[in-house]
Amino acid sequence: LALEVELRHAIEGDELLLYYQPQTDLASGETVGLEALVRWRHPARGMIQPGDFIPLAEESGLVVPLGDWVLLTACRQIKAWLDAGLAPCRTAVNVSTVQLSRDHLIESVQHALRETGIPPERLELEITESFLMADREHAFRALAELRALGVRLSIDDFGTGYSSLAYLQRIEIHELKIDISFVRDVTTNLSNASIVKAIIALGHSLGSQIVAEGVETQAQADYLRALHCDMIQGYLVSRPLPVEETTLFLKRIG
Ligand code: G
Ligand code: G
Ligand code: MN
Ligand code: NA
């Protein structure tokens, strides 16, 4: 409970911050996207990683105001990078299933777009596969409404759930992110390589682009390029970076 009170305080105060990790196009080598990843700079405990407070935020419902903060902060940052001529094609934010199950999310996205005036296609929402399984009709309506706003949709951790394939036909999904667990030993583990190939073929046949997550070595990148994977994200290119370092990264590659 103490941590919950502290998290509420952190959301209302200025203890949260966003790091950004680049996504690189495998064919052109260009940085085409960023993923925003939240951190909590706790006054006593130091930097807390999302894995250590997002579950609590979800259980307590605090992920709703936290998610609003993430959306608005990311959109303001996109606006600042656009104004500086540095913005990559898109920046993604992670959206919890708890946020998606409430109608409030549509208003939050609308509000962040309206307040900042950024083109909606500059914003991408990463949704986990499990959301698609919970309440299909509700999930479908929610995603259709988000699509109507013009934002991009991405399925995070793809392959770890059991995504209804029929689902992916019903709504335009711009991007599938292959989970790190399949990417880690893709060059040596035949069954993981088969799964990665299947996801790429499936995604492409449905008109989605494919991002491999957690790419750490040049050998993985070369292998994924040979499989026609579109993009990579991972330590090979860059760790998630604080804002100032992200801006320097964008200037360096620009
Ligand atoms: O940054 P890191 O790799 O530690 O992120 C761990 C997990 O936290 C990932 O599953 C990621 O999706 C999740 N996460 C990071 N930022 C956010 C956020 O802003 N909102 C939500 N709901 N999850 C996030
Ligand atoms: O949203 P998602 O669950 O996909 O969050 C991505 C997570 O993966 C973040 O916690 C991020 O810090 C982590 N990550 C990003 N790149 C790499 C990588 O190359 N290797 C490993 N092991 N983790 C990574
Ligand atoms: Mn993600
Ligand atoms: Na992921």
Side-chain angles (χ1 to χ4, degrees), residues 7 10-11 15-24 31 33-41 46-78 90-102 104-105 108-109 112 123-131 152-161 173-187 199 210-221 223-224 229 231-243 245-246 249:
L7 181 56
I11 297 164
E15 293 176 14
L16 298 183
L17 61 167
L18 293 181
Y19 276 45
Y20 295 88
Q21 188 174 37
Q23 292 179 350
T24 307
T31 299
L34 295 169
E35 177 179 5
L37 295 154
V38 72
R39 304 282 185 266
W40 178 4
R41 189 165 39 203
M47 200 68 91
I48 308 182
Q49 300 299 313
D52 295 329
F53 64 92
I54 291 292
L56 170 70
E58 291 181 324
E59 286 159 30
S60 61
L62 284 171
V63 78
V64 172
L66 184 150
D68 288 351
W69 180 88
V70 168
L71 272 169
L72 196 54
T73 304
C75 287
R76 285 175 178 161
Q77 190 58 56
I78 294 168
R90 56 183 171 272
T91 298
V93 301
N94 291 282
V95 175
S96 158
T97 293
V98 175
Q99 288 172 273
L100 277 158
S101 64
R102 309 209 183 164
H104 176 71
L105 179 66
S108 305
V109 174
L123 178 66
E124 184 166 69
L125 303 180
E126 290 193 11
I127 291 149
T128 55
E129 223 179 346
S130 60
F131 172 67
R152 289 171 53 99
L153 297 179
S154 171
I155 309 286
D156 206 356
D157 306 332
F158 193 82
T160 56
I173 300 289
H174 299 86
E175 187 179 287
L176 302 180
K177 298 188 78 175
I178 305 177
D179 191 68
I180 187 169
S181 59
F182 303 114
V183 173
R184 195 172 289 127
D185 54 2
V186 70
T187 60
I199 293 174
I210 314 297
V211 182
E213 291 196 278
V215 174
E216 297 183 354
T217 69
Q218 190 60 49
Q220 288 170 328
Y223 192 85
L224 289 159
C229 180
M231 288 163 276
I232 55 169
Q233 179 179 340
Y235 300 159
L236 175 66
V237 176
S238 173
R239 294 181 164 271
L241 303 169
V243 175
E245 285 180 49
T246 308
F249 178 92

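Being a predicted model, the structure only gives us computed values, none of them experimental. Read the numbers this way: they start at 1 and go in the same order the structure lists the ligands and their atoms.
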Proximal ligand 2 atoms for [X], defined as those under 4.0 Å from one of its heavy atoms:
X: P240; value: 12 (O)
X: E35; value: 1 (O)
X: I180; value: 20 (N), 21 (C), 22 (N), 23 (N)
X: G234; value: 16 (N), 19 (O)

How long is the span from the [atom1] atom in [X] to the [atom2] atom in [Y], to the nearest 0.5 Å?
X: T97; Y: R102; atom1: OG1; atom2: CZ; value: 12.0 Å
X: L153; Y: E126; atom1: CG; atom2: CD; value: 11.0 Å
X: W40; Y: L7; atom1: CH2; atom2: CG; value: 4.5 Å

Is it the side chain (CB and beyond), the backbone, both or neither of [X] that lies under 4.0 Å from ligand 2, heavy atoms counted?
X: Q49; answer: neither
X: K177; answer: neither
X: P50; answer: neither

- request: Please name the atom of E35, restricted to N, O or S, that is closest to the Mn ion (ligand 3).
  value: OE2

field: Considering only N, O or S atoms of D156, the one closest to the Mn ion (ligand 3)
entry: OD2

Could you tell me which atoms of ligand 1, counted from 1 in the order shown, lie closer than 4.0 angstrom to a heavy atom of [X]?
X: V70; value: 19 (O)
X: R39; value: 1 (O)
X: S96; value: 22 (N)

query: Side chains of L17 and M47: closer than 4.5 Å at any heavy-atom pair?
result: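 Yes, side chains in contact.
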
- request: Could you check if a side-chain atom of I178 sits within less than 4.5 angstrom of a side-chain atom of V186, using non-hydrogen atoms only?
  value: no

- prompt: Nearest to atom 11 (C) of ligand 2 by heavy atom, V215, D156, L37: which?
  reply: L37

- prompt: Where do V93 and A74 come nearest, in terms of heavy atoms and distance?
  reply: CG1-CB, 3.5 Å

Would you say [Y] and [X] are linked by a side-chain donor-acceptor pair, where the criterion is simply a distance under 3.5 Å?
X: Q233; Y: Q21; answer: yes
X: D68; Y: S108; answer: yes
X: S96; Y: E58; answer: yes

Check: N94 N/O within less than 3.5 Å of ligand 2 N/O: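 Yes; the residue has a nitrogen or oxygen that sits under 3.5 Å from a nitrogen or oxygen of the ligand.
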
task: Give yes if a backbone or side-chain nitrogen or oxygen of Q21 is under 3.5 Å from a nitrogen or oxygen of ligand 2, and no if not.
output: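 Such a contact does occur with ligand 2.
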
task: Decide whether an N or O pair under 3.5 Å exists between D157 and ligand 1.
output: no

- prompt: Is V38 close to ligand 1, meaning an N/O of one under 3.5 Å from an N/O of the other?
  reply: yes

query: OE1 (E126) to the Mn ion (ligand 3) to OD1 (N94): angle, nearest 10 degrees?
result: 90°

query: Charged N to carboxylate O under 4.0 angstrom, E213 versus K177?
result: yes

message: Salt bridge check, E175 against R90: does any charged N sit closer than 4.0 Å to a carboxylate O?
response: yes

query: Does R239 come within less than 4.0 angstrom of ligand 2, counting non-hydrogen atoms of the residue?
result: no

query: Contact between V93 and ligand 1, counting heavy atoms under 4.0 Å?
result: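 No, that is not the case, since the closest heavy atom of the residue is not under 4.0 Å from the ligand.
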
What side-chain donor-acceptor pairs closer than 3.5 Å can you find for residues 48-57, not counting sequence neighbours?
| from | atom 1 | to | atom 2 | distance (Å) |
| --- | --- | --- | --- | --- |
| Q49 | OE1 | R39 | NE | 3.2 |

